[in-house]
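Just so it is clear: chains get the letters A, B, ... in the order the sequence lines come, proteins before strands, and each one is counted from 1.
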Amino acid sequence: MSLLQLALMIAVSAPWVSAIIIFCLGETRHRTRFVIGLMGSAVTTSAVGYLGYHLAQGGAGTSLGIPLLGFTFGLTVDRLGVIFALLAATLWLVTTFYATGYMSHLKDKARFFGFFAICVGSAIGIALSSNLLSLFIFYEALTLATYPLVAHKGSQAAIKGGRTYLAYALTGGAVLLVGVVWLHALGGGAFVASGSIPVGLLDTHSTQLTAIFAMLIAGFGVKAALFPAHGWLPAAMVAPAPVSALLHAVAVVKAGVFGIARVILDVFGIEAASALGVLDPLALLAGFTIIYASVKALKQDDIKKRLAYSTIGQLSYMVLGLAIGTPIAIAAALAHLVHHALLKITMFFTAGVLAEEVKITRVSEMDGVGRRMPLTMLAFSLAALGIIGIPPIAGFVSKWGLGLGALEGGQVWPLAVLAASSVLNAVYLLPMIGRAWFGTPKPEWMNRPEQGSKRFEGSRLLVLPLLLTAGLGSLIGPLSFMEVSPTRWASAITGASSAMTVPWRSAPFLLDATGTLFLILACVVWLVSAFSAWHVEGQHRWRFRIFLLMAACGSIGLAVAHDPAMFYTFYAMMALSAYGLIAHSDRAPQGGAGRVYMTYTVLGEALLLAALLIGSLGTDSFTATLVDSPWRDLGIGLLLAAFGIKIGAIGVHAWMPSAYDSAASGVGAALAGVASSAGIIGLIRFLPGGAVDFPGWGSIVISAGLVAALFGALIGSTQARTRRVLAYSSMSQFGIMTVGIGAGLANSQVWPVAVSAVGIYLVHHGFAKAALFGADEIVLHSNTKRWALPVIALAGLALAGMPLTSGAIAKLALKESLGGLPGQWKTFLDVMLPLTAIGTTLLMARVLQLSWRVDPKQRGRSATPSAVAVASLAVLAFFTGMLLWVMPDPAVQKAVEKALGLYGVLDLMLPFVIGVSVFVAALVFVRQRAKSGPLANLCIPDPFIRATEYVDTALIIHRPKAAESGREPKNRRPLPSLDRTNIAESYLLTWPVASTLIAGLLLLVLVLTLL
Amino acid sequence: MLDLIQPQLPAITLAVLLFAASAAFLVRFERARAIALVAAGVQVVLVSWITWIVVGQDRVWVYTIGGWGAPLGIDLTIDGVSAVMMLLTAVVGCVVTVYSAGYFPPKDSYRLFWSLWLFLWAALFALFASNDIFNLYVCLELLTISAVGLVAISGERAALFAGMRYILSALAGSLIYLFGVALVYASTGVLDFDLLATQVSIDPTTQAGLALMVIGLLLKTALFPMHFWLPPAHANAVAPVSAVLSALVVKGSFYIIFKLMHVFTGHEMIPGLAELMGILGVCAIIWGSVQAFTQKRLKMMVAYSTVAQIGYLFLLFPLVAAADDIQTAVLAASAGLFHAVSHGLAKGAMFLTAGTIVKAVGSDRLEDMAGLSRLAPIPAFTFAIAGVSMVGLPPSGGFVSKWLYVSSAIETGAWWWAGAVVVGGLLAALYIFKVIALFMGSGKEPLQVGVSNRVITIAPLVLALMSLVIGVFGQPILDLLYPAVESLTAGMMR
C-alpha cells in the first residue's frame, strides 16, 4: 500500500474511528471528546490535504477497494473528489470548535459528536468513492447518521423535522437505488472521466438511459434540495446550529450536488448526457428552483428558515452550472460548491450565536444587533453580501463563471435567472444586515455583562470559527487567480481556461482621458466631503466614517478600473456603501429613502452584471466582444438600463430625490457630484460606440435624455425642498449628457468627440453640483447665509451655462459633438437644447429662492465647523471647475473660442434670460394667487415616485408576518387509516378465517396444477 | 486426530448437539447453562470447519450415516446453501445462548430451556443437512415440538395460549406436508432429492403432492395470509426464544420450499405457483409492515416485521421462474438466500435487544419507552442498526439482498418485483423509524431503567454489527452460495 493509498484510507476512516471512540467515551468526558474530535478532524484534513497536494503536483490518482455485488466497493482520488473532501474535512475542523462552544449546555453530547463525525466520514466517503455503488452506500449512511442530529433535541418539533427529513431522504435513496442497479445492469456505474456508458448503448437504450438519468438525479436531487424535493431542508432547521451549519449548508446538501456532478461528469459524461437531451430540462428545473426558493425565502421570518431557502436556491446554482454543461459553467458550479459553503456556514454560525447569546431567532428581532456583537455581524454581513454576489467576495466569482458558462453554451436565459436571483437574494438578505446595523438595539443588550466581564460577542469558541470562515470566504474571491483556489482547481477539472473563470483579468487598470477627469473630480469632492463630514456627531460616527471611506474608495477605484469585473467591483462597493450614507440619518431604516435607493441599486447591479458578462466572453476587449456578440443588442440595452438607474434616467429615477434629500450631512455633495456620475463613466467605458453605428439605440438614448432633461426641470422647479430640486436638476443634467452619448452611438465617427464632450460636461456638473450641495449644507446648518448665497448663485449660473463659467464650455463642447447627427435630429435638437437650458435656469432660480427664505423649521441645529469647511471647499471646488477653461483639450479650446464670440454668448444668454423671465412671471402669478386665497400647493407630483411607492407598499404586504412563517403544527395522528387495518387483522387471526384461507389456498394451487 | 475427525464431522456436530441436549435435560439450571455454552462454542467451531471443507472442496459433501446410503440409509448432504444456513444457525445460536445465560434468572423453572433449545438447534442442523423429503418431515416435527415447548416456557397465560395456537397450526402444516410426501412417494417411489430430480415427472399425483407439501410449508413459514399464529407466538415468548423462532425456525421451512421448488422444477410442475408465492410475498410485505406500524407493543411490532420480511424471501420464486439464463436465476436465488441470512442476523439482534429493553423498562408498551436512547443508549443503538438492515439501507445485509433483488428484477425484465422491494423498504422505514423517533424523544416521566447486565446489552449489539458487516464484506457468502445455487438452478433450467 503506497503512501497515497494510506492517506486515502486514513482520510475516509479517521472520522469513523473518532466516532467510535467518542461513542465509547461516554457522556461526561468533555475534554477528551474535544481532543478526539479535534484530532480526528485534523488527521482527516491533513490526509485529504496530502491527496490534494499530490494531485496539485501533477501526481496520478489511485484507488483501492474490495469486491462487492459485481462492483468494487472502493475509494479513489481525483480532483473532483478532493474538492468536496477537503471542504468537508476543513469545515469539520472549524465546526468542531464551534460545536464544542455551542453544545456546552445541551444534553447527549456523545451521541451528537459521534454522529457528527460519522456524517463527515460519510461525506468524505462520498467524495472519494470510486463508483456509484460505493457512493450510494456512503450516501445512505449519511442519510442515517444525520437523522439523530436533526432530531437531537428530542422535542416534538425536532422529531417531526427528523421524520420529514427521513421521508424525503429515504424515498430519494430508494429511487436512487433503482437507478444505480438499473445502470449497473446495463453495464455502467463506474466513474470514468468521459463517462462510463458503454459504447453504442446510447443509440439502442436511449429511453432507458433517460429514465436512469432521471432516477439518479431525483435521488441526488433530494439532498440537493431540487424543487419539488426541497421541503425537508427548512423542516430540518430544528437541528442545533452546528448541524445546520456544517450539514445543511455543506456536507449533506452538497453530497447531493456532488452526486449530480458525478452523474453528469463521470457516469454519463457531458457528451452522452447532452446527446440524451436530459441536461436542458435539468437546467430549467434548477433555474425554477432558484427563483422559487428565493421567493419563498422572502416570506420567512425565522432566520434559519430564511437561510435554508437561500441554501436551496444556491444549491440550484450549482446544479444549473452542471446542467449547462460548458467547461466554464461546470468549473463555476464546482467552485460555488466551496464558495457557498464558506459563506453559508458563516451565516448559520451567526444564526446560532444570535439564538444563544441574545435569544434572537427571527429577522424581525434583529434590530441593532450589530451594535451588540459587531464582529459577529460583520462576518454575517460579509457572507450575506457574498451570497448576493457582491464582488469581490467569493459568491461573485462563481456567479460570474456561471453567467459566462451559460453564454458559452449559447444560452442567455440563465443570465435572467441569475439577475432575478441576485435581486431577490438582496431583497431578503439585505434587510437582515440593514436591521442589524441601522436598527435600534434593545437597551438591555448594551449593558455589558455583569462581573466586569468585557465579553460583548459570543464566547471565543463561537466567534473565532465564524470569523475564520467569513475571512476565508471574502479572501477566496480576490485570490481566485491562485493556482490552488477552488476556481482554478475546478477549471482544471473541466479544462476551462482560467482566464474566463477568474473574473479579474491580469491588467485591470487603465487611466484614460475621461477617467482622469473623473478621478480628479472624485478625489476633490470626496476629500471635501470627508473633511466636512468627519466630525459628524452622534453615536454612529464610526459606522458613518467606514461607509464614507468605502464609498470614496469605490468611486476612485472605478475611475481607473478598466476591466469589467474590476469596474463592477468598485462600482458595487461605491453603490452599496452609499446606502450607509443615505440611511444614516433615516429614522426608519427598513423604509424610506434607504430602501428605495437599495432596491434600485440592486436592480441596477444585477442588470449590469448581466451586461458585463455578455461582453466578457472572450479574450478581446469588452466593447470588441460585445460588438461581435450575438446578444449585442441585449447587452447594450442592459448597459443602458443598468447605468440609467444610476444617473436617474427617466422612469428609473424615483430613488434620486429621496436619496439626495436624506443623505447625511456633508456627503450629499459627493453622492450627487460623484456617485451618480459613475453611471456616465460606465456608459462611456462600456458602450460599443465608435465601432459600429447604432442609429436605433442612438435615437432611443437621445429621446430618453431629452425627456429626462425636460421632465426633471418641470417637476424639479416645483419642489419645496432644495435637495429635491437639486436631485431633479441632476436628472435633467444627466439627461443632457445622455443626449451626447446617444449622438455618439448613432454615429461612430462622432463617438470620440461626444465622449470627450460628455466627460467635460460631467466634470463641470460634478463640481457645480457639489458646490450647490455644500452651500445648501450651510444654509441648513448655520445661522448665516452670507457664505452660501453667492456660492449658490455662482454654481447656478454655471449650470445654467452662462458665459465665462465652466457651464459655457461644457455646453458648447457638447453641442459641437452633436454636429454629426442626421439633419432632422439636428433641427430638433436646435429647438430642444435651449428648452433644456431654460429648464436648468428655472431649477437654479428655484434653488436660490428656496435658500433665500429657508424655512426656519428646516434649519438645523447650531452652526458647525464642518459647515464652514463645506463652504470654503465648495468655493474651491467651484473654482476648480473653472479650470476647464484652460484645459489643453482641442474640443475645449474650440468651445472656449466659441464662447468668447458674440454668437456664442447670445446662444448661451438667450435661454437664461427666458428662464429668468418665466420664473419671475411664475413668482408674480403665485404671489397674486396667494393674496386672493390660500396658497395653492404648486408641487407637481412625480408619477414615477408614486409608482415606486405603490410597488413598495405591495411588497410590504408580502413581508413576513410572525404567525405565517411557521406553519402551525397540526396535531394530526400519523396515518389514522392504518389503525383500521387492525380490525381486518383480528379477523385474519381467528381460526375459521385462517383455516378457510388455508383450504382456499390449497384449492387454488390444486386448480393451478390443472392448468 | 484431525484426520480422524474430519470425515465424520457432520455426524459429530449433530451428535454433540443431541448429547448436550440430553445432558442438559438431566441436570440443574447452572449445569445446563454451562453445557449449552460449551456446546454453542463447539458448534461454531465445527460448523465453520464444515463450511471450510465445503468451500475447499467446492462441491456437495454427502455423508452417509453408517455407510448405508440412500435410498435405504440416511444421508447428510451439505452444499453451499446448507453450509450458509448452518453457519447462520451457529452464529445466531451462539449469541442467543450467551444472551440467554445472562437473561434467565438462575431458577430451575427455566431449566428446560437449555435442553429444548439444544434439541431445536439439533433439529435445525439436521434439517439443513437432510436431502430426503421424509427425513425433512422428521426434522420439522422435532423442530415444532421443541419450538412449542420453548414458546410456553415462561408459563404465562398469553404464552400458553400462543403456544397452543402455534402447535395446532404447526402440526396442521406438518400433516399437510406429510400427506404430500405420501403422494409423491406413491407416484415416484423415491424420497431422496437427488433421485427425485431424475425421476420426477409431471403427473397429477406428483402435482398434488407438491401442492400439499408447499402449502403445508407455507403455513409453517407463516406466509401471508397464514401468518395468524406467528405474531402471538413470537411476541409472547421470552426474548431468546422469539429471536430463535424469527431468525431461524421460519427459515427452516422456507429452506425446504426452496429445495422443493428447485428439485421439482416447481414453476413448471404447477404453473403460476411461483408467481402466486411472489404475490403473497408482496402482500405479506405490505400487510406485515402496516400491521407493524400500528402496533402498540414493541415485541408485537418486531413480530409483524418478521411477517413482512418473510414476504421478501418468497419474491425469489417468481424471479427465478422469470429468468432466461442461469446467471440471472442464480442472482435471484442468491438474493432470497442472502435475505434469509441478513434477516436472521438482524431479526435475532432485534428480538434480543427488544428483550433487553422490555426488561429494562419493565413494560412492553411502546409509549413507555420514549426517551430510551438517553438512558439505555446501547440497546437503542442496537435496535437502530438492526432496523437499518430491515429497511435495507447500506451498509447492511438487508441492503445487499435488496440490491440483488432489484438487480435480478431488472435483468429478468420483471421489474415490478423491484417496485415491491423498494416500497417494502420504505414501509419498513415507517415502523422502524417510528420506534427510533420514540427512543430519541423525551418521555412524559423519567424512565426507570434498570439494565445492569452487560451480557444482554452487548450480545444483541454483536449480532446487529454482524448484520452490518455482511453488508460490506458479504461477497464471501455469495461466493459460497454460488456453486450450490448454480447446480440446483441448472437442474431446474434443464
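Contact count against chain B (heavy-atom pairs under 4.5 Å) is highest for Pro148(A) among Pro148(A), Ser155(A), Ala167(A). Chain A forms more heavy-atom pairs under 4.5 Å with one residue of Leu478(B), Val421(B), Val406(B) than with any other, namely Val406(B). Per-residue heavy-atom pair counts under 4.5 Å with chain A were compared for Pro231(B), Gly216(B), Ser407(B), and the maximum is reached by Ser407(B). With respect to chain B, the highest number of heavy-atom pairs below 4.5 Å among Leu166(A), Val1005(A), Leu69(A) belongs to Leu69(A). Contacts with chain A were tallied for Phe224(B), Phe399(B), Trp415(B), Trp403(B); Trp403(B) has the most, counting heavy-atom pairs under 4.5 Å. Ranked by heavy-atom pairs under 4.5 Å with chain A, the list Ser334(B), Ala211(B), Gly474(B) is led by Ala211(B).
Interface residue Leu404(B): only side-chain heavy atoms are found under 4.5 Å from chain A. Contact of Ala418(B) with chain A is not made at all, since no heavy-atom distance falls under 4.5 Å. Only the side chain of Tyr304(B) comes within contact range of chain A, with heavy atoms under 4.5 Å apart. Contacts between Met226(B) and chain A at a heavy-atom distance below 4.5 Å involve the side chain alone, from C-beta outward. Heavy atoms of Trp287(B) lying under 4.5 Å from chain A belong exclusively to its side chain. For chain A, the nearby part of Leu280(B) is the side chain; its heavy atoms alone come within less than 4.5 Å.
In terms of modelled atom types and a separation under 3.5 Å, the side chain of Lys434(B) and the main chain of Phe293(B) share a donor-acceptor contact. Of the possible polar contacts, none joining the Thr328(B) side chain to the Thr412(B) backbone as a donor-acceptor pair under 3.5 Å is found. Remark: the backbone N or O of Pro992(A) is paired with a side-chain donor or acceptor of Ser995(A) at under 3.5 angstrom.
For residues 174-183 of chain A, the interface with chain B (any heavy-atom pair closer than 4.5 Å) comprises Ala174(A), Leu177(A), Val178(A), Val180(A), Val181(A), Trp182(A), sorted by residue number.
In this structure, Met300(B) CE and Arg297(B) CZ are separated by 6.0 Å, a value rounded to the nearest 0.5 Å.
A centroid separation of less than 6.0 Å is found between the aromatic rings of Phe115(A) and Phe23(A).
Between Phe220(A) and Tyr139(A), the angle of the ring planes goes over 60°, which puts this pair in the perpendicular group of the 30/60° scheme.
Annotation: Phe161(B), atom CZ; neighbour count of heavy atoms from other residues, nucleotides and ligands within 6.0 Å does not exceed 12.
Within the cation-pi definition used here (under 6.0 Å to the ring centroid, within 45° of the axis), Lys220(B) does not qualify as a partner of Tyr177(B).
A donor atom on one side chain and an acceptor atom on the other are not found under 3.5 Å apart for Thr28(A) and Lys109(A).
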